[in-house]
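Heads up, the thing below is written out as structure tokens.
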Amino acid sequence: MIDPHRLRNELEATARQLQRRGFQLDTGRFEALEQERKTLQVQTEALQHERNARSKAIGRAKAAGEDIAPLKAAVSELGEQLKAAQARLEEVRQALQAIALEIPNIPHDSVPDGEDENHNVEIRAWGEPPAFDFEPKDHVDLGEGLDLLDFDAAAKLTGSRFMTMQGPLARLHRALTQFMLDLHIREHAYREVYVPYIVNADSLRGTGQLPKFADDLFAIERDGRCDEFYLIPTAEVPVTNLLRNEILEHEALPLRFVCHTPCFRSEAGSYGKDTRGMIRQHQFEKVELVQAVPPGRSYEALEELTGHAETVLQRLGLPYRVVALCAGDMGFSAAKTYDLEVWLPGQRQYREISSCSNFEDFQARRMQARWRDPETGKPRLLHTLNGSGLAVGRTLVAIMENFQDEAGRIHVPPILQPYMDGMTVIG
RNA sequence: GGAGAGGUGGCUGAGCGGUCGAAAGCGGCGGUCUUGAAAACCGUUGAGGGUUUGUAGCCCUCCCAGGGUUCGAAUCCCUGCCUCUCCGCCA
């Protein structure tokens with residue numbers, strides 16, 4: 001949610017900033033509602049004041065043994081008026097709230113203009129795409145060739161967009177997770193957390209998935225209702241919501257959490273896109289980095305966090321580039337996002353493997369995540385950030401395709417070999 | 001799943017339907033005392049919102065959440081959520 005004061009006081013300027021990401025704010029409707037809210041709120045509070053004062057007078061009169069019947073009658077009437085005013089105010093409030101919840105975050109000034117991914121800007125690249133003296137295969141052919149990857153089996157068990165792995169490939173997948181967690185814990189000072197994989201609607205509202213993106217989620221039915229519990233689409237949701245309705249002491253910051261979870265995405269509307277292989281699945285594993293920092297520090301933190309994710313790719317020896325998303329391509333809650341894209345020889349292109357974002361106070365306001373500013377002693381909204389460090393399934397794909405040989409074998413990156421009992425090659 | 005108890009400020013914990021945003025203790029902050037510290041003593045100490053040029057004043061809301069009763073609800077009623085105890089079941 002963006003700052004309601006900002007919406008009230010700088011409505012036109014805010015609308016222009018939102019337009020950069022292709023969002024049209026209906027300023028006329030907002031202003032009308034806001035005007036009404038103001039009038040109704042003042043009126044309602046005046047009535048409440050009146051009622052409070054009169055009720056107290058009744059209390060005093062009763063204590064003094066006076067006749068209170070006429071006083072009561074007078075306040076009764078007030079009660080009706082108050083009830084009506086409150087009802088109208090509540091209506092207007094909810095309308096305003098509904099609008100506010102569907103307004104995306106304002107792009108930071110440093111975010112490039114543009115409508116879609118074609119306007120994203122490459123910031124830097126690392127490593128060289130490998131030169132093969134044979135025709136490189138994609139991960140599907142490699143995995144199925146080794147008899148270690150099976151999409152048909154998963155289709156039998158569940159349906160499309162799931163997969164099964166076996167033997168050393170499943171182990172490599174697990175090794176990747178361990179390596180990522182260890183790296184972030186040991187070298188980047190993150191604290192590991194374990195969280196529920198099912199969250200309630202309040203949590204999803206807090207990070208911004210609800211109310212707008214319910215279609216991307218798997219809802220869980222319970223007691224005949226399916227609007228309460230959902231499978232997490234990313235660890236971002238439970239981990240960031242640890243801070244919901246909390247006021248942190250300054251000493252606790254910055255907060256750095258790393259969390260490995262499965263992620264579940266319905267990806268409604270993505271049919272026909274990346275149908276082959278494990279690039280786009282309903283279930284995948286991810287190691288997620290989440291930070292909460294004082295407001296003045298969040299852009300510095302974004303650079304650091306992006307660097308932490310990059311380190312994973314560098315240690316594995318995977319070529320990648322860093323891309324600044326343009327205003328039109330950013331996610332709903334983000335003020336600024338860097339995507340990490342890894343080179344996939346099977347597709348001959350860079351593909352997203354991590355997305356690192358600064359949400360500023362957008363999520364914090366939704367979930368009332370605050371810290372006590374030592375300057376004033378007063379609670380203020382935190383800034384939250386997160387990034388994949390990394391998406392495990394896609395990292396596995398990158399390793400398979402970049403480290404294949406002509407025989408269709410997969411060479412284990414040296415940094416992972418200790419996690420594999422020294423195994424150097426699969427196949 | 002069955003039976004019972006309970007959810008109050010940073011913590012512990014009082015609270016008869018009116019003078020309760022809430023006693024008391026602890027903690028925090030400021031001060032007195034002290035060479036310094038401790039102790040003692042004094043003072044102070046929740047959050048959100050509206051109005052407003054205003055960190056001034058005035059006002060509103062918040063005692064788990066949502067409804068209800070009432071002139072008036074932390075206190076009474078209903079629903080939900082959560083916690084605890086006992087039994088059952090279970091990894």
Side-chain angles (χ1 to χ4, degrees), chain A residues 1-10 30-31 33-97 99-101 194-206 210 220-230 238 241-253 295 361 364-382:
Chain A
M1 219 155 67
I2 58 183
D3 186 355
H5 293 102
R6 181 169 187 167
L7 274 176
R8 283 178 214 164
N9 303 326
E10 300 160 49
F30 182 86
E31 257 182 330
L33 279 168
E34 174 54 25
Q35 204 40 257
E36 206 177 341
R37 187 228 97 225
K38 197 183 248 186
T39 314
L40 284 171
Q41 183 162 349
V42 170
Q43 189 189 340
T44 306
E45 289 186 359
L47 284 168
Q48 282 176 321
H49 176 56
E50 181 78 18
R51 182 208 55 195
N52 291 346
R54 294 213 200 178
S55 290
K56 275 186 181 161
I58 290 176
R60 279 194 299 272
K62 196 179 171 191
E66 297 168 20
D67 178 19
I68 57 172
L71 292 171
K72 279 169 78 167
V75 194
S76 267
E77 207 169 307
L78 202 64
E80 295 303 308
Q81 280 183 55
L82 179 57
K83 220 168 194 175
Q86 276 173 331
R88 273 185 300 152
L89 177 61
E90 188 52 31
E91 244 173 72
V92 172
R93 275 220 164 111
Q94 285 191 2
L96 280 168
Q97 178 74 356
I99 293 176
L101 281 174
Y194 175 86
V195 293
Y197 302 154
I198 296 174
V199 292
N200 58 33
D202 283 340
S203 293
L204 288 156
R205 249 189 303 277
L210 287 179
I220 294 174
E221 187 183 331
R222 191 217 201 191
D223 297 334
R225 297 181 55 187
C226 56
D227 58 352
E228 197 178 4
F229 292 121
Y230 300 83
N241 273 281
L242 287 170
L243 308 178
R244 175 148 52 89
N245 295 327
E246 299 290 339
I247 300 175
L248 302 177
E249 292 306 322
H250 181 251
E251 295 70 42
L253 301 178
D361 62 14
R365 182 170 296 104
R366 285 174 162 243
M367 65 174 78
Q368 286 300 301
R370 295 173 292 173
W371 65 301
R372 199 168 289 281
D373 186 342
E375 304 256 317
T376 62
K378 293 292 171 193
R380 282 178 67 191
L381 294 171
L382 286 160

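Convention: sequence-line order gives letters A, B, ...; per-chain numbering from 1. Hydrogens, waters and symmetry mates are skipped; everything else that's a heavy atom, side chains included, is used.
Across every strand in view, B/G27 sits in a pair with B/U45 that passes the Watson-Crick or G-U test at under 3.5 angstrom. Remark: B/A38 base-pairs with no nucleotide; criterion is Watson-Crick or G-U wobble with both hydrogen-bond distances under 3.5 Å. With a cut-off of 3.5 Å on both Watson-Crick or G-U wobble distances, the partner of B/U52 is given as none. Figure legend. B/C16 is base-paired to no nucleotide; pairs are counted as Watson-Crick or G-U wobble with both atom distances under 3.5 Å. Pairing for B/G88 is absent, judged as Watson-Crick or G-U wobble with the two contacts each under 3.5 Å. If you check B/U70 for Watson-Crick or wobble pairing at under 3.5 angstrom, you find it has no partner at all. Base pairing of B/G6: its partner is B/C82, meeting the Watson-Crick or G-U wobble criterion (both donor-acceptor distances under 3.5 Å).
The shortest side-chain heavy-atom distance between A/Phe229 and A/Val199 does not fall under the 4.5 Å cut-off. With a 4.5 Å cut-off on side-chain heavy atoms, A/Arg370 and A/Asn245 do not count as touching.
Distance check on atom C1': B/A23 versus B/G31 gives 25 Å, rounded to whole Å. Nucleotides B/G46 and B/C33 have their P atoms positioned 27 Å apart, rounded to a whole Å. With C1' as the reference atom, B/U69 and B/C77 are 7 Å apart, rounded to whole Å. For the C1' atom pair drawn from B/G2 and B/C60, the interatomic distance equals 46 Å after rounding to whole Å. Using P as the reference atom, B/G15 and B/G68 are 29 Å apart when rounded to the nearest Å. Taking atom C1' in both B/G28 and B/C87, one finds a spacing of 45 Å when rounded to whole Å. Nucleotides B/G49 and B/C90, compared at atom C1', are 49 Å apart to the nearest Å. Separating the P atom of B/U61 from that of B/A73 is a span of 9 Å, rounded to the nearest Å.
Within 4.0 Å (heavy atoms only), A/Arg37 reaches sugar-phosphate atoms of the nucleic acid but no base atom. A/Ile58 comes within contact range of at least one nucleobase, with a heavy-atom separation under 4.0 Å. Contact annotation for A/Lys38: backbone-only contact, meaning every heavy-atom pair under 4.0 Å involves sugar-phosphate atoms and none involves a base. Using a 4.0 Å heavy-atom criterion, one finds that A/Arg51 contacts the sugar-phosphate atoms exclusively.
Between A/Asn52 and A/Ser55, the side chains place no donor N or O within less than 3.5 Å of an acceptor N or O (distance only, hydrogens not considered).
For the residue pair A/Gly377 and A/Arg372, the shortest heavy atom distance occurs at O-NH1, 2.9 Å. Across every non-hydrogen atom of A/Ala201 and A/Asp227, the tightest pair is CB-O, 3.8 Å.
Mapping heavy-atom proximity under 4.0 Å, the span of RNA chain B touched by chain A runs 5' to 3' from B/G18 to B/G72.
Taking A/His49 as the reference, nothing meets the ring-ring contact (aromatic ring centres under 6.0 Å, His included) condition, with sequence neighbours excluded.
Side-chain N or O atoms of A/Arg205 include none that pairs as donor or acceptor with a backbone N or O of A/Leu210 at under 3.5 Å.
Along RNA chain B, the nucleotide closest to A/Gln41 and the one closest to A/Lys72 are compared, and the more 5′ of them pairs with A/Gln41. Mapping A/Lys83 and A/Gln48 onto RNA chain B by nearest heavy atom places A/Gln48 closer to the 5' end of the strand.
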>> side-chain contact (heavy atoms from CB on, under 4.5 Å) for A/Leu382 and A/Leu243? Distances and angles first, verdict last.
In response: CA-CA 9 Å; A/Leu382 286 160; A/Leu243 308 178; 4.2 Å; yes
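Residue pairs meeting the salt bridge (charged side-chain N to carboxylate O under 4.0 Å, His left out) criterion with at least one partner in residues 54-64 of chain A, sequence neighbours excluded, are A/Glu50-A/Arg54. Pairs engaging residues 34-49 of chain A under the salt bridge (charged side-chain N to carboxylate O under 4.0 Å, His left out) rule: A/Arg8-A/Glu34, A/Glu34-A/Arg37 [sequence neighbours left out].
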Side-chain donor/acceptor pairs under 3.5 Å, residues 80-93 of chain A, sequence neighbours excluded:
unit_1  : atom_1 : unit_2  : atom_2 : d
A/Glu90 : OE2    : A/Gln94 : NE2    : 3.1
A/Arg93 : NH2    : A/Gln41 : OE1    : 3.1

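A heavy-atom distance below 4.0 Å to RNA chain B is reached by these residues of residues 372-381 of chain A, ordered by number: A/Arg372, A/Lys378, A/Pro379.
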